[in-house]
Amino acid sequence: RLEPCPAQALKPKPTRSACRRQSPLRDTPGSMAPRRSVLPRVAVLAGLVVGVSRLGSLSQTYAVKGSWQGNASALKDSVKGDFGTVASGLAPRVSFPAVSYSREGVALLVDDGHLNADYTTKLDGDTTFNLRVNDEKAWKASLLGHDASLRVRGQGTDLENLFWEASQDSSVEDVGDVRVEFNSDKAYNLTVAHHKFAEIAGVHLDAKVRATNAGVTGRLGARRAMPGGAEATYSVENPVGVYKVGRSTHKARLSVPVAGGEAALSFEGDYSSQAYEGSYGRGVGGGHADLRVSHTDGAVGYNVSYTRRLTDKLPVDAGVHLGIDDEGVYGRVTANRDLGHGIEAEYEANARLELGNEQQKSLSQALKLSNKLGYAQLLH
C-alpha cells in the first residue's frame with residue numbers, strides 16, 4: 001500500500017512458524033530440516049538490518065510493502081552472487097491508497113479501484129440508516145438499531161434477486177433472552193437462553209434452546225459451588241434435529257483447589273465415545289506447571305509441561321515451553337527484541353524427540369526482521 005511512513009511509525013508484524021507444538025496437547029513437526037552453515041544467513045540478515053535501518057532514518061518516505069520468506073539454500077546462493085530467488089521474492093505488491101471525502105453523512109470513497117458513495121443518517125435515538133452504492137451498480141442498505149437490524153443488498157434495479165436478512169433481540173421476563181434471525185432464503189434461527197432460570201438446593205440451572213430449519217437443539221446446564229472453593233458443573237446437549245438421549249453430549253467437571261493450584265476431573269461424551277481427563281496446574285518458579293492424564297476410547301495419554309516468561313532473566317522479551325507426553329519430549333523457545341529505528345527482530349525454535357522405536361527428531365527455527373515496509377524471514 002502506497003503510504004507515508006515516518007521513521008518512528010514503523011511497527012512489527014508477528015512471526016509465522018511451522019510449529020505444531022503451540023499448546024501442551026499439540027505436536028511439533030515430524031521431520032528434521034538438514035543443517036546448513038550459519039554464515040550465509042547471518043551475512044544476509046545483517047545486510048537486511050542495515051538496509052532497513054537506512055530506510056528508517058529518512059524523515060518522510062513513500063514505499064510499497066514487500067516481503068521475503070525462504071530457507072538457507074536461497075541465502076547461500078545469494079552469497080555466491082545469485083540473487084534471483086531473493087529478488088523475485090522481494091517483488092513489491094502495489095495498491096492504491098484509499099481516497100475519501102465525507103461531510104454531514106455523505107461520503108465518496110475510492111478504494112481498491114472502485115468508487116463508492118455512502119449516505120448515513122440517524123432516524124431516531126438508536127436507529128441508523130446506511131446506503132452504499134458503487135460504480136458497478138452494486139448496493140447495500142442497512143437499518144441498525146439497539147435491538148433490531150435489517151440488511152439488504154442487490155444489483156442495480158434488479159428487485160427479483162434481492163437478498164435481505166433481519167434480526168431482533170429482546171429480553172422477556174420469566175422466559176430469558178430471545179433472538180430471532182431470518183432471511184430471504186427462508187432460513188431462520190430462534191434462540192432462547194436463560195442463564196439462571198432456577199436454583200435448587202444450591203444448584204444453579206441454565207438453559208438454552210435453538211430452533212432452525214434443520215430442527216431443534218437444547219442445552220441444560222447445572223453448576224454448584226462447594227466448600228473449600230471446589231466447583232462442579234454438568235451439561236447435556238442434543239445435536240440439531242436429534243432427540244435421542246443416548247446421542248446427546250454430556251459434559252461434567254469437578255475442580256478443587258489443592259496445594260496452591262487446581263486439580264480437576266472432567267468427562268465428555270455420548271453413547272458411542274467417551275473421554276476422561278484429570279489435570280493439575282499451579283505456579284512454580286515464576287512459571288506455570290501443568291499435568292494432564294487422559295483416557296479416550298481406550299487410549300491413555302499424558303502430558304507434563306512447564307511454561308515461563310524470561311523477561312526477568314534476559315534483556316529481551318523471551319519465553320520457554322518444555323514438556324513430555326506419551327509420544328515424546330518437546331520444547332519451544334521464543335524471543336522478541338526492538339532493534340531501534342522501527343525494526344523488530346523475532347526468533348522462534350521448536351524441537352521434538354519421539355520416544356518410540358524409531359526415535360524421530362525434529363527441529364524448526366524461524367528468524368524474522370520486520371518493519372512497516374515489510375519483512376524478511378528465514379526458516380530452517
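When a residue number appears, it is its place in the shown sequence, counting from 1. Worth saying up front: this structure is predicted, and the values here are computed from it rather than measured.
Under the 4.5 Å side-chain heavy-atom criterion for grouping Ile, Leu, Val, Met, Phe, Trp and Tyr, Tyr101 is not connected to Tyr119 through any hydrophobic cluster. Under the 4.5 Å side-chain heavy-atom criterion for ILVMFWY residues, no single connected hydrophobic cluster contains both Val133 and Leu109. There is no path of hydrophobic side-chain contacts, each under 4.5 Å, that joins Leu220 to Val245. No continuous path of ILVMFWY side-chain contacts below 4.5 Å connects Leu367 to Val333, so the two sit in separate hydrophobic clusters. Under the 4.5 Å side-chain heavy-atom criterion for Ile, Leu, Val, Met, Phe, Trp and Tyr, Val293 and Tyr306 are members of distinct hydrophobic clusters.
With respect to the salt-bridge test (charged N to carboxylate O, under 4.0 angstrom), the residues Arg219 and Asp206 qualify. Taking 4.0 Å as the cut-off between side-chain N and carboxylate O, Arg292 and Glu277 count as a salt-bridged pair. The residues Arg282 and Glu262 are annotated as not salt-bridged, no charged nitrogen and carboxylate oxygen being separated by less than 4.0 angstrom.
Although no hydrogens or angles enter the test, the distance criterion places a donor-acceptor pair under 3.5 Å between the side chain of Trp139 and the main chain of Gly156. Using modelled atom types, no side-chain atom of Arg223 and backbone atom of Leu205 make a donor-acceptor pair closer than 3.5 Å.
Within the structure, salt bridge (charged side-chain N to carboxylate O under 4.0 Å, His left out) pairs that include any residue of residues 137-151 do not occur (at least two apart or interchain).
Cluster partners of Phe267 are Tyr276, counting Ile, Leu, Val, Met, Phe, Trp and Tyr whose side-chain heavy atoms approach within less than 4.5 Å, directly or via other members. Hydrophobic clustering, defined by side-chain heavy atoms of Ile, Leu, Val, Met, Phe, Trp and Tyr closer than 4.5 Å, groups Tyr243 together with Val209, Val216.
Taking the side chain as every heavy atom from C-beta outward, Thr249 and Val236 never approach each other to under 4.5 Å. Residues Thr334 and Tyr347 fail the side-chain proximity criterion, which asks for heavy atoms closer than 4.5 Å. At least one side-chain heavy atom of Asn213 sits under 4.5 Å from a side-chain heavy atom of Tyr188.
The two atoms that bring Ala230 and Val256 nearest to each other are CB-CG2, 3.9 Å, heavy atoms only. Nearest heavy-atom pair, Ser102 versus Ala107, reported as atom, atom and distance to 0.1 Å: CB-CB, 3.7 Å.
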